[in-house]
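Let me begin by presenting the structure, written as structure tokens, before commenting on it.
Below, chain A is the first sequence line, B the second, and so on; all start at residue 1.
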Amino acid sequence: MVLLTLLPSIFAPAIILLLTILFVLIDAIRNRILFNISIRNVIRRPGTTALVLAGLMVGTAIISATLVVSDTFDNMIVGEITETYGESDFFIKGSGENNGLYSISEVESISEDIRGIHGIQSADWFLRTSSGITNKRSELGIPDPSIFGLSDDAVKNLGGFKSHSGISIENLPSAGHVYVNEKLAHVLDIEVGDIITLNKILNYEEVRLELIVEAVVANHALGGLTGGRNIYLDMDDAQQLIGDQDLVNYLAVALTNDGRNDPGPLRNTIESIIESPSYAALKLEISGDRAQIIEDGREGVSMFTSLFFVFGSFSIIAGIVLIINIFTMLGEERKSEMGISRAVGMQRSHLRKLFIYEGFIYALVTAAIGTFVGLLLAYGLINAVGMVMDLGTFDISKYFTFTTTSILLAYLAGFLLTIVTIYGVTRRISNMNIVRAIRNIPEPIRPRNDKKALLLGLLSLLFGVLVMFVGVSAESLGPALGGLSIATISMGLIIRRFVGDRIAWTVAGLTTLLLWMPGVEIFPYDGNLEMFVIAGVFMVTALSMVVMFNSDLIAAVLTRLLRVKNGYKAVFKTALSYPQRVRGRTAMSMFIFGLVIFTITTLSMMSGMLGVGIPKMLEETSGGFDIIAISSAPIDMRNEIETAGGIIDSTNIEDIIQLTMGYSTFTFSPLTDNDEASKEVYYNAIGIESSLYERGHYPLANWNHTKYSNEKDVWLAVQQDPTLVILDGSANSNEMSGTGISINVGPFHGVAIGDQIIMNNSTGGSHALTVAAFMEQSAFSGAYMSKELVKSSTEADGSNLFMIKLVDDTDVEKYSVLLQNRFLPQQLITIPISAIAKEAVSQVNGIFDLIKAFLAMGLIIGITGLGIITMRSIHERRIEIGMMRAIGYTKRMIVTNFTLESSFVAVLGVFIGTTLGIITGYLLWDGGFSAMGIDFMIAWKPILLVDAIALLATLVTVIPAARGASRVSPAEVLRFE
Amino acid sequence: MAIIKCENLVKVYQTGTITVEALRGIDLTIGSGEMVAIMGPSGCGKTTLLNCLSGIDNVTSGKICIEGRELTQMSDTKKTNFRATRMGFIFQFYNLLPVLTAVENVELPLLITGTPSGDARKKAQSLLDAVGLSHRAQQRPASLSGGERQRVTIARALANAPAIVWADEPTGDLDKKTSDEIVALMRRLNNENKQTFVIVTHDPEVGAKCDRIIYMQDGNIANSSDNSNDMSSGNEL
Ligand SMILES: Nc1ncnc2c1ncn2[C@@H]1O[C@H](COP(=O)(O)OP(=O)(O)OP(=O)(O)O)[C@@H](O)[C@H]1O
Ligand SMILES: [Mg+2]
């Protein structure tokens with residue numbers, strides 16, 4: 001399927017690839033001698049070739065890894081959804097009548113109508129409810145399993161069950177028996193034959209059912225419904241839990257194979273039936289749509305994949321730069337060889353062909369290796385994801401897969417990437433001057449009044465402006481700001497004519513940098529994720545330019561600062577002047593380092609801030625309490641624990657705050673949303689007691705200061721006066737400008753202090769409330785009001801929301817489980833705040849670490865590149881080294897010289913990346929995190945750690961080469977030529 | 001007074017199975033302030049001798065004393081430091097670092113021996129002045145002519161006021177006129193500073209301008225002719 005839809009998209013590149021190969025091959029046959037020389041060049045030095053291949057494959061590997069990861073996620077989404085939907089395509093439920101419960105006799109006709117539609121296979125009503133469950137044998141329990149009461153037809157129509165051992169089960173468990181799915185069995189340690197107890201409070205009475213487990217079914221088809229921890233039993237048995245025979249609440253619809261090919265129209269038909277006048281009063285709606293969910297899931301996956309692409313693209317760019325570097329060096333190395341070939345009559349085009357053939361061979365091989373390495377990388381990554389994220393029993397690695405399309409696509413992209421880059425470099429090399437090439441004289445620096453440079457400058461300026469206008473007209477930030485940046489960078493080429501290189505590039509670089517700085521908002525458009533790449537590339541380019549053309553100053557300052565003594569002054573001079581002379585190489589290495597370190601630093605900034613911010617946000621939500629608990633039936637928890645603690649030791653509990661939470665609709669007229677006259681909001685109504693604000697820490701963000709002298713007064717007033725309400729912080733938050741990110745903008749957005757909102761009673765009446773204050777926290781959303789009001793206006797009629805503070809050093813997680821078990825019939829669900837915070841932080845860090853690991857590939861490229869450059873430049877400069885040794889450089893001075901030379905580039909790159917990464921971290925904070933209540937901070941430790949690792953790795957690769965240089969014998973190298 | 005003294009100097013090159021006896025027991029004494037030419041057919045061992053005497057190559061056996069210190073007993077670092085402070089070098093090609101300007105090239109030996117940067121720059125300028133190149137100080141080697149480059153090299157060789165200057169075919173790559181200028185320059189500096197010059201050359205005219213010519217043949221010294229009495233007549237032989 002996927003292959004079929006993607007086929008056209010790989011068709012074009014595939015044809016291009018084939019044509020390229022064909023073209024080059026035909027050409028090669030016609031120039032057999034050249035082709036032979038090229039092959040010999042490739043195999044002449046296996047060491048170099050291996051290095052070149054390794055460098056060239058990186059880009060392909062990243063592309064391939066990203067595609068395979070995306071394949072795997074797609075497979076997972078479809079797989080998981082197939083599992084949680086079984087054979088059903090739509091679920092229908094309603095909010096009408098008795099809280100969505102309908103008498104089967106009343107709704108039978110709907111299912112019959114739907115079954116009558118062409119393309120529909122089946123439509124069956126069932127009951128889904130919940131209760132506490134304990135396994136008698138293991139004494140384990142949970143408050144919230146999903147319980148499905150089914151009919152025989154439903155079991156057959158919805159795909160049935162599969163037993164543990166793989167045998168299909170097509171019928172219901174016998175009366176008094178249940179099936180449980182593996183997920184539930186795993187948690188409660190259930191075996192076939194165990195007795196389970198279901199209990200819940202129903203109209204103040206405890207209902208208790210003891211049932212025998214007949215089978216443990218696989219999490220597949222019906223067994224996987226909703227993806228939760230499930231129990232399946234006969235509808236009649238299940239109905240005991242709701243205290244009423246004959247009630248159902250879900251309709252599962254399955255399509256025929258034909259229907260599944262085009263579910264859209266069928267959905268419409270179903271909707272028209274349930275919305276038809278005869279059934280409209282039931283308020284039924286489609287609550288689950290398999291096709292829709294798959295589509296949504298794919299969208300989510302594509303976001304995740306694009307995240308990888310975005311971060312991967314940094315490494316891909318680094319890879320391209322490395323290819324350029326490698327081939328430029330190969331070219332330079334063979335310069336005199338080529339010069340002589342030219343002198344004896346080879347055409348420029350012949351030389352170019354030599355390189356193209358060579359590049360062609362490299363590209364063919366490299367793309368294959370890269371694709372394969374990417375596959376391995378993706379496999380590693382997928383397994384890492386599984387380990388990093390706590391997905392419970394869910395095992396993502398079993399979904400690992402790849403499509404032929406992806407592999408082909410990766411190969412194509414890698415091949416084209418390599419060959420195009422090589423072609424570009426080759427053009428430059430073959431344009432060399434013969435004499436200079438033979439005598440190995442460096443190409444002259446472009447003179448100021450170079451016409452070509454000026455023309456190039458003007459052209460790229462024009463191009464930049466053009467791109468900018470495209471961006472402006474599309475109101476898209478990327479092209480607009482990117483285009484402007486191209487334009488400002490091009491300025492360097494133009495003004496160097498008048499003011500010289502240093503000033504020109506410094507000005508152009510700083511101007512470009514300024515465009516991206518915090519607080520500078522040139523275009524009021526929204527950007528998205530790819531902005532990050534664009535910003536990174538331009539910022540790093542700009543700063544690299546500035547640093548490059550002022551590196552002599554930096555070197556001078558460095559020499560001064562480091563108080564270089566004795567002979568090492570000479571070493572500093574020679575070491576730091578070389579990178580300044582071979583600007584191309586230096587700039588590229590610096591760029592790679594800068595870009596990769598930039599990304600990693602930015603990620604460290606993000607994870608650092610989130611790592612501190614998430615616990616802080618949770619802390620705000622918890623108000624200093626350890627556990628938040630919600631029950632289905634009211635509990636007088638304080639008393640029950642005091643008087644009959646059972647498994648709970650009351651001495652471990654410091655405080656229990658008991659609140660009443662119900663749901664209600666509110667109507668209000670927002671101030672700002674003038675397009676809506678009034679808004680209806682379905683929201684939590686939370687009844688407070690004084691201990692909430694006396695012992696808990698829930699600061700207010702905003703209140704009427706003239707009316708109340710302090711926060712306590714506000715709370716007290718609200719507690720006592722049923723016409724006042726406090727809203728959580730989401731009502732108060734501001735939309736962030738320019739970023740397009742809106743976080744925590746609650747449904748009450750637009751309401752102001754002193755405004756009135758109308759609360760609609762469950763009985764039909766309504767009640768006006770004045771907004772007295774906004775809270776700081778917004779995670780625990782609700783309208784906070786007097787307890788009596790909640791009890792009188794909603795279904796809630798006792799304490800069902802609890803804030804629990806434990807004595808210090810109590811095991812919070814263990815206690816939350818104990819509490820759950822103690823109040824199982826009331827279905828108490830506990831949330832251990834600190835544990836959740838810890839888990840959330842570790843997951844966030846895990847994801848960031850994963851992306852960083854992906855990025856480390858880029859770093860490896862940078863370091864490899866620098867290593868290659870060092871080795872090559874040592875080889876090129878053997879005679880120079882001999883001369884330096886002759887005039888008094890000791891071996892140690894030579895080692896220092898070359899180490900310094902390479903690490904200077906690395907240090908500058910690292911500096912550029914770190915600085916810009918921190919700035920970007922600030923930008924991200926300014927544009928999003930700050931509104932989430934997260935403080936700005938710089939995670940120095942991980943940032944400096946990565947910097948240190950990068951520099952250390954550079955030293956490790958460079959020092960051996962430098963030591964090799966120190967062993968150059970001056971007598972040997974100075975003798976010849 | 002002898003500044004360079006070697007006894008029974010032997011240098012054997014071993015490449016694979018082939019052994020080349022480049023120096024076969026050379027005894028040689030050069031006096032302080034002398035300007036000596038070493039001449040002889042290609043492959044006779046001139047460069048090898050120079051490299052051994054200056055310590056950039058190791059000898060197989062024999063003894064070398066420079067300024068009374070036994071070079072053959074020194075560690076590599078000691079030798080290097082000795083070279084840095086007491087010797088200057090001029091080669092036929094590849095004398096200068098292409099990435100440095102003329103004046104930076106000249107000041108390099110000064111920096112190696114720990115001269116403060118300011119002083120080093122001043123000294124380098126005056127040295128360039130002495131070789132008549134002060135106007136080229138800020139240029140890089142690539143934009144200098146061969147003769148100019150060689151003059152920069154001479155300036156560099158003299159930077160640390162060395163006792164000995166070694167020159168291996170310093171005029172090999174130059175035309176006659178430039179070559180004459182360079183030799184005249186060396187002669188003048190030798191007269192002014194009383195530094196010892198050892199010059200390997202193929203050019204009889206260069207040899208004629210020296211105090212003494214040492215002829216080599218097959219790794220041995222063939223004979224030594226003294227020009228010092230008759231400086232004006234170049235080609236006595
Ligand atoms: N590294 C080496 N390995 C083997 N043999 C060498 C090596 N260096 C020099 N030789 C040999 O030693 C001998 C002396 O070489 P040397 O370079 O000293 O000669 P030269 O007199 O300087 O010659 P020219 O006038 O051509 O420069 C030659 O036969 C040469 O082939
Ligand atoms: Mg020689």
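The greatest number of non-hydrogen atom pairs below 4.5 Å with chain B, out of A:Y889, A:Y568, A:Y578, A:F572, is found for A:Y889.
Here the side chain of B:R83 pairs a donor or acceptor atom with the backbone of A:A886 at under 3.5 angstrom. In this structure, A:R877 contributes its side chain and B:L97 its backbone to no donor-acceptor pair below 3.5 Å.
When heavy atoms are compared at a cutoff of 4.5 Å, B:S117 approaches chain A by way of both its backbone and its side chain.
Counting heavy atoms from C-beta on, the side chains of B:E104 and A:S577 never come closer than 4.5 Å. Within the 4.5 Å cutoff, no side-chain heavy atoms of B:I56 are placed close to those of A:R885. A:T574 is not listed as a side-chain neighbour of B:V99, based on a closest heavy-atom distance of 4.5 Å or more. Side-chain contact check for B:T77 versus A:K891: every heavy-atom pair is 4.5 Å or farther apart.
The minimum heavy-atom distance linking A:G888 with B:A84 is given by the pair CA-CB, 3.7 Å. In plain terms, the two heavy atoms of A:K569 and B:P116 that are nearest each other are NZ-CA, 3.8 Å.
A distance of 11.5 Å separates CZ in B:F91 from CD1 in A:I879, rounded to the nearest 0.5 Å.
Comment: B:D76 does not engage A:R892 in a salt bridge, judged by the lack of any side-chain N to carboxylate O separation of less than 4.0 angstrom.
In this view, A:F549 and A:W505 satisfy the ring pair (Phe, Tyr, Trp, His ring centres under 6.0 Å) rule, not counting sequence neighbours.
Around CZ of A:F911, the count of heavy atoms belonging to other residues, nucleotides or ligands within 6.0 Å does not exceed 12. Counted within 6.0 Å of CZ on B:R24, heavy atoms from surrounding residues, nucleotides or ligands total more than 12; the atom is thus considered enclosed.
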Working note: A:E880 + B:L96, criterion side chain to side chain contact (heavy atoms under 4.5 Å, CB included); need CA distance, chi angles, decisive distance, verdict.
CA-CA 8 Å; A:E880 258 176 53; B:L96 302 171; over 6 Å; no
